[in-house]
Amino acid sequence: MTGNTPLFNCLIVDDELLARTLLEGFVSKIPSLQVAGLCKNPIEAMEIMRTQTIDILFLDIQMPELTGVEFLKVMKEKPAIVLTTAYSEYALEGYQLDVTDYLLKPFSFDRFLKAANKAMDQVQVRRNNAGNVQNHQDDYLMLHADHKIYRVAYTDIKYIEGLKEYVSYYTTEKRIIVLQSLKSIEESLPPDKFIRIHKSYIVPITRIKNLDGNQVLIGDKLLPVGRSYKDELLRRVFGNTSI
């Protein structure tokens with residue numbers, strides 16, 4: 001590996017030896033990719049993912065004991081996912097799990113290359129995102145968007161909405177769209193000032209007016225509260241764990 005070409009760690013998971021060998025050969029033809037491991041089941045993959053950062057996962061669907069789809073559902077931090085399978089009926093379910101691409105066996109190298117490029121592009125966007133939002137002191141954010149830098153006070157943020165690879169900051173003045181994951185923003189914001197209420201929303205605690213069932217009122221807008229976030233919302237904002 002030479003120059004400034006980024007290197008992407010990939011993991012191949014397939015219960016068939018021939019499929020693993022084929023994918024390993026395809027990966028070896030792309031200088032930017034390196035194989036972190038060859039696994040015959042998701043359990044082996046979990047062990048590798050505990051100790052190494054995996055950027056791209058080439059994942060078979062139909063495997064004994066734990067299928068690729070079941071593996072995706074229990075995975076907390078997902079790399080870019082390229083599903084590989086001989087069964088086209090799994091395509092829709094795979095895309096509902098927000099995978100990068102879907103390869104139907106048998107597939108050619110040029111089709112594999114297209115999927116690999118999509119996955120590498122997605123990972124590179126995530127890497128670039130790390131510099132798009134910066135915390136400064138205790139009362140504002142610096143947001144990089146539209147070739148500009150915005151200094152946004154925490155008190156001016158009405159709510160934050162995640163849209164896959166993008167995040168929208170709704171402020172008292174305007175909407176600012178940033179290339180960033182909602183999870184990374186959640187980790188960077190002060191927990192005494194912000195709370196995640198849904199897989200798609202983070203809100204300032206002081207702007208929560210009331211909780212009505214599974215919705216909170218922020219200004220004049222009702223936002224949904226996810227089931228898995230409700231207890232934490234009740235505890236931190238309303239001082240109890242049930243209503």
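Note that the coordinates shown come from a computational prediction; the quantities given were computed from them, not determined experimentally.
- Using a distance-only test at 3.5 Å, with no hydrogens or angles considered, a donor-acceptor pair links the side chain of Arg20 to the main chain of Asp14.
- In this structure, Lys105 places its NZ atom where more than 12 heavy-atom neighbours from other residues, nucleotides or ligands lie under 6.0 Å away.
- Leu17 and Leu22 fall into different hydrophobic clusters, where Ile, Leu, Val, Met, Phe, Trp and Tyr side chains are chained together by heavy-atom contacts under 4.5 Å.
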Test salt bridge (charged side-chain N to carboxylate O under 4.0 Å, His left out) applied to Lys183 and Glu186, step by step: CA-CA 5 Å; Lys183 180 171 178 58; Glu186 179 187 13; 5.1 Å; no
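- Residues Val74 and Leu72 are members of one and the same hydrophobic cluster, defined by side-chain heavy-atom contacts under 4.5 angstrom among Ile, Leu, Val, Met, Phe, Trp and Tyr.
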Is there a side-chain contact (heavy atoms from CB on, under 4.5 Å) between Tyr170 and Lys221 once you walk through the steps? CA-CA 11 Å; Tyr170 290 83; Lys221 187 173 181 65; over 6 Å; no
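- In this pair, Phe112 and Phe107 present their aromatic rings parallel. The plane angle is below 30°, not in the 30 to 60° band.
- The structure places CG of Asn117 at 13.0 Å from CD of Gln122, a figure rounded to the nearest 0.5 Å.
- Looking at heavy atoms from C-beta onward, Tyr229 lies in side-chain contact with Lys199 at the 4.5 angstrom threshold.
- Follow the hydrophobic side-chain contacts under 4.5 Å out from Ile157 and you never reach Leu217; the two are in separate clusters.
- Taken from OG in Ser168 to CD1 in Ile176, the straight-line distance is 10.0 Å, to the nearest 0.5 Å.
- Within the 3.5 Å criterion, the main-chain N or O of Asn9 finds a donor-acceptor partner in the side chain of Asp55.
- Leu222 and Leu211 are members of different hydrophobic clusters when ILVMFWY side chains are connected at heavy-atom separations under 4.5 Å.
- Interatomic distance, NZ of Lys193 versus CZ of Arg207, reported as 14.0 Å (0.5 Å rounding).
- Nearest heavy atom pair, residue Pro79 against residue Ile56, reads CB-N, 4.1 Å.
- Of all non-hydrogen atoms in Asp60 and Thr84, the two that sit nearest each other are OD1-O, 2.7 Å.
- Counting heavy atoms of neighbouring residues, nucleotides and ligands inside a 6.0 Å radius, atom CG of Leu163 exceeds 12 of them.
- No donor-acceptor pair closer than 3.5 Å links the side chain of Lys230 to the backbone N or O of Asn214.
- Across every non-hydrogen atom of Leu59 and Gly68, the tightest pair is CD2-O, 3.5 Å.
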Stepwise, does the salt bridge (charged side-chain N to carboxylate O under 4.0 Å, His left out) test hold for Lys73 with Glu70? CA-CA 5 Å; Lys73 289 179 179 178; Glu70 291 168 341; over 6 Å; no
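- Both Val13 and Leu104 belong to a common hydrophobic cluster when Ile, Leu, Val, Met, Phe, Trp and Tyr are linked at side-chain heavy-atom distances under 4.5 angstrom.
- Nearest heavy atom pair, residue Tyr150 against residue Ala145, reads CE1-O, 3.5 Å.
- Considering every non-hydrogen atom in both Asp192 and Ile205, the closest pair reads O-CD1, 3.7 Å.
- Cys39 approaches Glu44 most closely through the heavy-atom pair CA-OE1, 3.3 Å.
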